[in-house]
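One structure below.
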Amino acid sequence: CAKKQGRNNTQFYRPAMNEEALERLRIEGALRNALERDEFVLHYQPQVDLDSGRIVGMEALIRWRHPELGMVQPDRFIGLAEETGLIVPIGAWVLASACAQTQAWLAAGLGPLRVAVNLSARQFNEPKLPAAIAAVLASSGLAPDCLELELTESLFMSDVTLAVELLHQLKGLGLTLSIDDFGTGYSSLSYLRQFPIDVLKIDRSFVSDIGASGDEAAIVVSIIALAHNLKLRVVAEGVETARQLDYLWRNGCDQMQGFHFSPPVPAAVFEQMLKDGKHLAPSTAFA
Ligand code: C2E
Ligand code: MG
Ligand code: MG
Ligand code: MG
């Protein structure tokens with residue numbers, strides 16, 4: 001009798017596991033076709049200079065316009081794209097689209113602008129990455145200093161010597177390099193001296209702590225000081241309130257990005273912001 005029950009249990013659980021595996025396979029298959037079917041789209045989130053209040057650039061963020069699921073956010077498919085290696089062709093599409101779009105805006109007189117693109121570990125480990133980026137710059141006509149690559153600390157950890165060499169090659173193309181989500185990785189601060197980095201992006205978990213207690217905000221102040229001592233630009237991510245903005249401005253942060261100014265928006269909406277000259281209200285940081 002016990003044996004029978006055991007078998008029943010097995011039968012009971014197996015369909016659920018199959019369902020999960022099937023779901024993954026379905027998404028993987030769909031992800032494989034998504035490029036050909038032109039289902040990816042880039043949204044752009046403005047980056048604003050805290051001295052002038054003006055838009056100086058934007059981060060390109062991918063979305064998947066799935067025929068049944070609707071607009072799928074990157075957190076739901078980037079991981080799977082990385083596991084399957086599909087992030088390499090998808091990432092190439094992101095780079096090419098972001099560069100072409102930015103060059104079109106510059107040609108229309110809507111600059112100066114710099115576009116920031118996220119790079120995954122798989123892309124970073126492709127030996128042909130520098131050549132591929134050089135080719136994208138050449139075909140789009142975008143000046144190298146108008147392209148910023150966002151890297152995370154985890155990319156550097158496996159092989160530091162190789163990472164240093166690759167970063168110098170990318171820097172040699174004339175690109176800007178930034179560290180995304182700074183402060184959340186396994187950071188050894190020594191890499192900051194070794195690596196030819198231009199920008200630190202303060203992770204939004206630290207920014208959201210502003211206003212909570214003095215200690216929490218101390219981390220933000222320390223990252224700003226660290227960046228400036230190393231002659232790096234510092235960008236605050238995830239700025240949601242006027243209070244956070246004011247705090248960042250008073251503590252010398254260079255740029256901000258966050259819902260307080262604008263969420264990531266479709267290209268047409270971002271273009272309209274540029275045309276309208278949307279900027280931070282003087283009543284907040286600039287009073
Ligand atoms: P990330 O690079 O750190 O991008 C910032 C994320 O924070 C974006 O989420 C953005 O929408 C969100 N965000 C911006 N301002 C605020 C704010 O004020 N409050 C809050 N709560 N969130 C804010 P998104 O677009 O969902 O992207 C999530 C992550 O997916 C990105 O984090 C990045 O790691 C990855 N990702 C997005 N696009 C790409 C891509 O083209 N390639 C690769 N490899 N990764 C990408
Ligand atoms: Mg980013
Ligand atoms: Mg980030
Ligand atoms: Mg992130």
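Each ligand, and each atom within it, is numbered from 1 in the order the structure gives. Please read these numbers as outputs of a predicted model, since none were measured by experiment. Numbering of residues begins at 1 and proceeds along the displayed sequence.
Inspection of the Gln257 and Gln47 side chains reveals an N or O donor paired with an N or O acceptor under 3.5 Å.
Distances from the Mg ion (ligand 3) to each N, O or S atom of Asp181 single out OD1 as the nearest. Taking the Mg ion (ligand 3) as reference, Asp180 places its N/O/S atom OD1 nearest.
Among Gln45, Glu82, Glu237, Arg122, the residue whose heavy atom sits closest to atom 15 (N) of ligand 1 is Gln45. Distances from atom 6 (C) of ligand 1 to the heavy atoms of Arg204, Gln257, Gln244 put Arg204 nearest. Here the shortest heavy-atom distance to atom 25 (O) of ligand 1, taken over His43, Arg63, Gln73, belongs to Arg63.
Among the atoms of Glu237, no N, O or S atom is found under 2.8 Å from the Mg ion (ligand 2).
Atoms of ligand 1 lying under 4.0 Å from at least one heavy atom of Pro74, given by number and element, are 24 (P), 25 (O), 26 (O), 27 (O), 28 (C), 30 (O), 37 (C). Every atom of ligand 1 is numbered from 1 in the order shown, and the set under 4.0 Å from a heavy atom of Ser120 is 44 (N). Contact atoms of ligand 1 toward Asp75: 28 (C), 29 (C), 30 (O) (distance under 4.0 Å to a heavy atom of the residue). Here is the list of ligand 1 atoms found below 4.0 Å of a heavy atom in Pro264: 11 (O).
Closest of all the heavy-atom pairs between Leu86 and Glu28 is CD1-O, 4.1 Å.
In this structure, the side chains of Trp249 and Leu280 stay at 4.5 Å or more apart for every pair of heavy atoms.
Using bins of under 30°, 30° to 60° and over 60° for the plane-to-plane angle, the ring pair Tyr191/Phe195 lands in the tilted bin. Using cut-offs of 30° and 60° on the angle between ring planes, the pair Trp105 and Phe270 is tilted.
Within a 6.0 Å sphere centred on CZ of Arg24, other residues, nucleotides and ligands contribute 12 heavy atoms or fewer.
Some N or O of Phe259 is nearer than 3.5 Å to an N or O of ligand 1, by distance alone.
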